[in-house]
Amino acid sequence: MKITVAKSAGFCFGVNRAVETVEAAARQAGSVFTLGPIIHNRHVVRRFEEMNVGVIHNPEDAPEGSTVIIRSHGVPRNVYRALEERNVRIVDATCPFVKRIHEIVRKAEEDGRLPVIIGTPDHPEVQGIAGWCSHCRIFETPEDLEKWAKGGEFSAGQPICMVSQTTSTENLWKKCKEIAKKQFTNLIFFDTICKATEYRQSEAAALSSQCDAMVIVGDAQSSNTGRLAMICRESCDRVVLVDHAGELKEEFFRGAGHVGITAGASTPAWIIKEVNKTMSEIQNAESVQEESFEALLEQSIKTLNTGDKVVGTVVSVGNTEVQVELGTKHAGYIPYDEVSNDPSVKAEDVLHVGDEIEVFVVRVNDQDGTVQLSKKKLDGMKVWDEMSAYVEDKTTVEGTITEENKGGLVCNVKGIRVFIPASQSGVAKGGDMAGMVGKTVKLKITEVNRARRRVIGSIRAVNAEERSANREKIWNEIEDGKKYTGTVKSLTSYGAFVDIGGVDGMVHVSELSWNRIKTPADVVAVGDQIDVVVKSFDPVKHKISLTCKLPEQNPWTLFTNQYKEGDVVDAKIVKLMTFGAFAEIMPGVDGLIHISQIADHRIGKPEDELSEGQVVQAKITQIDDEGKRISLSIRALKEQAADAE
């Protein structure tokens, strides 16, 4: 049999806080009393009786000069006054979430609103809430609320303020809100269900849907324990509520392959442990190590200090803060501006209910039972540690350029502002550094000063490293005839220098084009991407000769594949000489029209019949493949035409 214990089972922070308060008071001299049972669990109450902590039910029962502890459920406002009149020391262990509801209903009534409380009317928490206003209405079910709303006991425009008992279910609260929105025209409501309770209930629902049987551990008088049993029965046929391990019966588990355990917020850890241990023994499962009451209580009541790093579970992602269960007496919360260093990050995108996260303790308020946390600060501390490691390990990191200034660039690396001096930007002097803004770049962290919160980086170092690696690769793999795509780095009168990936090669002007050019600038410019072929290389002198004259682009080859002797072509006169005219048949291929072949009659000089730029029809009379010469004739076409007549 598999046994699964819910992570959220047992004491919530409010109960933890109350139990610790009693523990602390019991260690002091004098008589100590709790006003009503400190929590709904007789085992805890009995434990405190053994520590000489008594229980009174009315303020007038408190002996003068004694210490009276107000339990986590809270009490009405008049109880505080009555205790003050008894001249006793008041220790308030009211749950901070309940305290907040007291303030809400008090302020609502001051503003002229009628407080409406959704909860069990005779529950101590609800009675305490009601005691912070003069008039209110309490409804246990959506049907009761709707019946009252339609009964005409209030005017249609009467201002209403609606709150919920902290241990209510989300489903009940949702139904009540839907009814209230339809019936009340002047309504405000506050979602006051404890998020830890909500998380415990949703976890119980999920666990019960996966189990053959569920064990709910807690006092039958506990409201939240009863609600857990009700929730589990919705998806599991076998649900039993036990007060302690002695109530477990073997027949309950017979045939069950998977049993889940959860517990109410008033159930101490040692009882849950005993139940788990007893179930394991019943099924001959792996035994659970027994722990002392003191050790288990210590687990339930951990303390926190400012500056601590703690691990907690996200129980709610609200509109302004994220609530975190820390397993202590405190209610942990992360304000939205403490979630991430990146202001564009939304809390709901990076944190989800059930996530286990590590956080930094910013401020502890023991009086309110709250602790402010920061994910951003802890992430920032980790990032600074990483930055220092990057310097030592010479790690390459990625960042986004956010701005340019007169000294260089600013880059965001994991939320840290990194300054990149202009000399380390990888941009040539006088180049466009502003064009880098918005780009993602690789860089090295070269210097970290935590005290001054200053980080310096270098893009150039990464470029140099990459060039070095590429250079080594090229020299290992280079061979004659190998093709590369390179970038033109500079031009001279005799050629162009091309970067083929970390190594520069030179393309002589005669190798830049199959066509006749005067200077390299006629065909390429700095920054151009061009295809080149290795003509030769010297690994000792680290020199590479390149050519752009790719064989498949050889004009002579293209010509001979397309034309033969006897073909007629359109040719452009490109140069006149005394002995004839040169005509371009296709780019890079010229033919000679001898003076005797220009006309069908004798002429004195070529320009008598032709001019540069003129396009004429001519017949290919001879192709000298070895000498790469072509003879053309206009006369042959004219004589051919005359013969046809």
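This chain uses plain numbering: 1 for the first residue, then up along the sequence. Values below: all heavy atoms of this structure, side chains included; hydrogens, waters and symmetry mates excluded.
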Do side-chain atoms of Lys376 reach the backbone of Asp337 as a donor and acceptor pair under 3.5 angstrom?
-> yes

Which heavy atom of Arg227 sits nearest a heavy atom of Gln165, and at what distance?
-> NH2-OE1, 4.2 Å

Taking all heavy atoms of Leu241 and all of Ala229, pick out the closest pair and write down the distance.
-> CD1-CB, 4.1 Å

Would you mind listing every ring-ring contact (aromatic ring centres under 6.0 Å, His included) that reaches into residues 104-127, with sequence neighbours excluded?
-> His40-His123, His73-His123

Above 12 or not: heavy atoms from other molecules or residues under 6.0 Å from CZ of Arg46?
-> yes

Residues passing the side chain to side chain contact (heavy atoms under 4.5 Å, CB included) test with Glu146, sequence neighbours excluded, are Lys150, Ile179

Here the pair of heavy atoms bringing Cys176 nearest to Ile118 is SG-CG2, 3.7 Å

Can you list the residues that meet the side chain to side chain contact (heavy atoms under 4.5 Å, CB included) rule with Val353, with sequence neighbours excluded?
-> Tyr199

Set of residues satisfying side chain to side chain donor-acceptor pair (under 3.5 Å) with respect to Thr440, sequence neighbours excluded | none

Atom of Ala213, atom of Ala256 and distance for their closest heavy-atom approach | CB-CB, 4.4 Å

Just jot down the side chain to side chain donor-acceptor pair (under 3.5 Å) partners of Asp243, sequence neighbours excluded, or say none.
-> Arg42, His43

Inter- and intrachain pairs under salt bridge (Lys or Arg N to Asp or Glu O under 4.0 Å), touching residues 105-123, at least two apart = Glu103-Arg106, Arg106-Glu110, Lys107-Asp111

Looking only at non-hydrogen atoms, find the nearest pair between Arg86 and Ala62 and report the distance.
-> NH2-O, 3.0 Å

Cys136: what forms a side chain to side chain contact (heavy atoms under 4.5 Å, CB included) with it, not counting sequence neighbours?
-> Pro115, Ile117, Ala130, Cys133, Ile138

Have Glu125 and Thr166 got a donor and an acceptor in their side chains that come within less than 3.5 Å?
-> yes

Using the ring-ring contact (aromatic ring centres under 6.0 Å, His included) rule, collect all pairs that involve residues 99-119, keeping only residues at least two apart or in two chains.
-> His102-Trp132

Residues which pass ring pair (Phe, Tyr, Trp, His ring centres under 6.0 Å) with Phe139, listed by chain and number, not counting sequence neighbours | Trp148

Given Lys382, Lys375, Lys309, the one that forms salt bridge (charged side-chain N to carboxylate O under 4.0 Å, His left out) with Glu358 | Lys382

Side chain to side chain donor-acceptor pair (under 3.5 Å) involving Glu84 - partner list, sequence neighbours excluded | none

Contacts of type side chain to side chain contact (heavy atoms under 4.5 Å, CB included), residue Ile231, not counting sequence neighbours | Thr169, Gln201, Ala205

Taking only residues two or more places apart in sequence, or in another chain, which ones meet Ser168 in a side chain to side chain donor-acceptor pair (under 3.5 Å)?
-> none

Looking at Cys211 and Cys236, what are the two nearest heavy atoms and their distance?
-> O-SG, 3.7 Å

